[in-house]
Amino acid sequence: MPPQPYATKLAGWGRFPVVDGLAVKSEDLPAATAPAALSRGLGRSYGDSSLPADKNDVIVDTTLADRILAFDPDCAVLRAEAGLSLSALNRALLRKGYFTPVSPGTQFVTLGGMVASDVHGKNHHVDGCFGRYVRRLKLRVADGRIVECSDEHEQELFRATIGGMGLTGHILEVEFTMRKIPSPWIFGESERIANLDAMVAALKEAAAEWPMTVGWLDCLARGENLGRGILMKGRWAEADEAPRKPPPAKRRFRVPVPFPNLALCRPNMKAFNLLYYWKHVRRVRRGIEHPASFFYPLDMLDDWNLIYGSRGFTQYQCVLPHAADNGPARRFLELFISGGGMAFLCVIKDCGAEGDGMLSFPRPGISIAMDFPIHPRKTQPFVDRLNELVIAEGGRIYLTKDTFTRAEHFRAMEPRLETFNAVRRKWDPQGRLRSAQSVRLLGDSV
Amino acid sequence: MKVTVLGATRGMGRALARRMAERGDWLFLLEHVPDELECSARDLEIRGAARPVKTAVCDLLKPETFGPALDAAEKELDGLETVVVTAALFGTQEQLEADSDLAARLLVANYTNTVLFCEEVRRRLLRRGGGTLCVFSSVAGDRGRKPVILYGSSKAGLSHYLEGLDHKFRAAGLKTVCVKPGFVKTGMTAGLKPPPFAGQPDDVARRVLRAIDRGTPQIYVPPMWRLVMCVIRKLPRFVMRRINF
């Protein structure tokens, strides 16, 4: 009996919007994807990219299709079903000395999601996006055929799928090259930084020396302190400096219920940012770190999205081109603060070269990401203003985080959209594959 | 530990086999679809199984496959030691009431054929002086309940059988472990509304593995279901007629 779709409510990690749809969940992805409009993994994209466009659209939950199909320890090539999570992969292979070449800030993502978002990580300035390491993909395309694509075969489809938000076909299997690591521990250094100019300069300086860097910003600090924060740098520890035991499993905690919306008032946010900044008492700290606390600090708190209360939250992430005076990033932060924006989590990162993914997010420049709770009236105009600034500065936004961008704004920041849409039309002339986001931003019809 | 698993390709069986592979157990898989067997065997090898994971085709709807499949397992593992059965069919009460063919298949697979398989295993294990037989029954077998009348009745029979086996043969070295899962989030329960204490397959696997190691005759997973079923078993009929649990 083929797996049966069932009516359910779906939301992204931001818990807004919440929409009705039909879900289907099975170990057998080829069977489950046959009637479906979209596949979704662990639902860690923030907005509506993994949500159905219509309540009668079938969405596949891929998380049960999580087998590792092949692994060659010599060349580190791994092939797995698309629902395999990064946490399961780390559990299986980290202690054997293999890690994903690119890791996002959470390990609760699936391989399929990592391809669809073409995720980037702390090593983007040297290693690029996840898509760079993908060798082959097995897709179920809109007409029902199962296609194996790579840079040698159906290259156009392959490149449109990397960063293509799952809109080119259901990703069934992913083959990519893992990275051999000298030990499963991290050698890290963190440094308190006084303001934005110093932060960007420090990121640049660290880029030459460290394979992994990322900055946290106190995004409520103004004036001279604008853009102050903590820069984190890391590399894999060498075997002789790392502890001999593999990293133990980390204890996890759970947020039991949504916090009251009032918990996120300005004084609380301010206090959190201040504490987090000054908790780093010594200016520089260095030493061996647990890989989970280096890569996935938030993963120790299950359901941390409930902290943002019942209305949900969104994340705004954009990349702004480099400028000698850091003007774009400064103007962006000023606009964010003057517009009443406040966030716990504001992350800054310098991006390296653009990848091959047709709609892949990163490009050379400074990427800034911030979480903020949704306000029923204020969030939409706020995001509009941020987008107008990003367009004026020649930057772009990350679809995986987006909930509020308007189609005309997205078109203005994405000259690559026409090429991407042309590939989609070729493989899916009837427009069978779609998401709530593709209807909102890419002009798909409902 | 040398383990033969019927049903390791999906759901709780998949999670349990992975836990066993991670700690380096020696695995042999039984299933009815050869491709699925191969994929799962490779998955378990990469996750740490001690030796190459070998397989044999065994179909719960075809009892004639049981003997040859167990022969293959015995030969490959150099004697059976622990046998786990997680395979079974499932249908909602509505589906089973509407489709008598499905109902017939489910009743045969979950009761008659599972028991026949266990009998094959029992003879083999006793012949070599004992071993462990771990079978997944269900809390659905603990009391006649509206949403699981047919499925529950098949599991009730199975639970009784396993209890009897334990009473009669434990002294002879055959340890029977009857696993009674409550609501666990697997493909089988996708689409059913999960109760507040629904379990995750990996957590269930951890507890079941401990029960196998200790030879616990009966285990509820998640453990909360022991309490829930204790209450349900005591409820008078007039209450059971009114509630939809």
Side-chain angles (χ1 to χ4, degrees), chain A residues 1-9 21-32 42 58-73 76-81 83-85 87-96 98 108 138 172-173 178 246 249 252 254 256-257 302, chain B residues 7-15 17-19 21-24 29 31 33 35-49 53 86-87 89-92 94-96 98-99 101-103 105-106 109 184-194 196 200-203 205-206:
Chain A
M1 206 163 51
Q4 298 297 310
Y6 53 93
T8 185
K9 286 199 182 302
L22 297 172
V24 57
K25 187 173 178 180
S26 164
E27 279 95 348
D28 186 355
L29 269 196
L42 284 158
V58 176
I59 306 286
V60 181
D61 178 330
T62 64
T63 52
L64 293 181
D66 63 349
R67 284 184 295 202
I68 303 173
L69 300 170
F71 178 61
D72 179 341
V77 172
L78 181 133
R79 189 180 176 98
E81 293 175 317
L84 179 73
S85 73
S87 73
L89 189 60
N90 288 339
R91 177 166 148 179
L93 293 178
L94 185 65
R95 57 201 163 111
K96 293 188 187 160
Y98 299 91
F108 301 120
K138 190 193 251 187
L172 305 177
E173 289 172 16
M178 301 273 289
R252 281 161 61 184
R254 171 169 290 275
V257 288
D302 286 353
Chain B
T9 54
R10 337 184 125 222
M12 289 183 276
R14 182 186 278 192
R18 280 180 180 165
R19 282 257 168 192
E22 271 173 15
R23 66 176 203 182
L29 310 186
E31 230 268 343
V33 187
D35 288 353
E36 286 291 297
L37 271 175
E38 276 315 301
C39 287
S40 286
R42 294 297 85 73
D43 180 59
L44 293 168
E45 284 170 3
I46 297 163
R47 286 170 195 260
V53 178
T86 61
L89 298 185
F90 180 74
T92 61
E94 292 73 40
Q95 283 165 348
L96 294 168
D99 183 347
D101 281 347
L102 177 65
R105 276 207 309 280
L106 180 138
V184 179
K185 289 179 179 171
T186 62
M188 185 185 110
T189 57
L192 304 178
K193 195 173 173 300
Q200 292 292 346
D202 185 54
D203 183 53
R206 183 174 58 83

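Proteins get letters first, then strands, A, B, ... in listed order; numbering begins at 1 in each. Quantities reported herein were computed from a predicted structural model and do not represent experimental measurements.
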For the atom pair NZ (A:K96) and CD1 (B:I46), what is the distance rounded to the nearest 0.5 Å? 8.5 Å
Restricting to salt bridge (charged side-chain N to carboxylate O under 4.0 Å, His left out), what partner residues turn up for A:R95, sequence neighbours left out? none
Whether the side chain of B:R42 engages the backbone of A:R67 through a donor-acceptor N/O pair (distance < 3.5 Å, no angle test) should be reported. no
Which of B:T186, B:L192, B:D202, B:T9 touches chain A most, by non-hydrogen pairs under 4.5 Å: B:D202
Of the listed A:D66, A:L78, A:L69, A:L93, the one with the largest count of heavy-atom pairs under 4.5 Å with chain B is A:D66
Note: vs chain A, highest number of non-hydrogen pairs under 4.5 angstrom among B:K193, B:M188, B:E45, B:E36 is B:E36
My understanding is that only residues two or more places apart in sequence, or in another chain, count here; which of them pass side-chain contact (heavy atoms from CB on, under 4.5 Å) with B:L37? B:L29, B:E31, B:T55, B:V57
Check whether A:A80 gets within reach of chain B through its side chain, its backbone, both or neither, counting any heavy atom under 4.5 Å. neither
When the 4.5 angstrom heavy-atom criterion is applied to B:E38 and chain A, the contacting part is neither
Highest number of heavy-atom pairs under 4.5 Å with chain A among B:P201, B:C39, B:G91, B:G48 belongs to B:C39
Going by the rule side-chain hydrogen bond (donor to acceptor under 3.5 Å, both in side chains), which residues pair with A:T8 if we only count those two or more places apart in sequence or in a different chain? none
Using a 6.0 Å cut-off, check whether atom NZ of B:K185 has over 12 heavy atoms from anything other than its own residue. no
For B:S40, which atoms come within 4.5 Å of any heavy atom of chain A: side chain, backbone, both, or neither? both
Is there any residue in residues 21-31 of chain A with a non-hydrogen atom under 4.5 Å from a non-hydrogen atom of chain B, and which ones are they? A:K25, A:E27, A:D28
What closest approach, in Å, do B:R47 and A:A92 show between heavy atoms, and which atom pair accounts for it? CG-CB, 4.1 Å
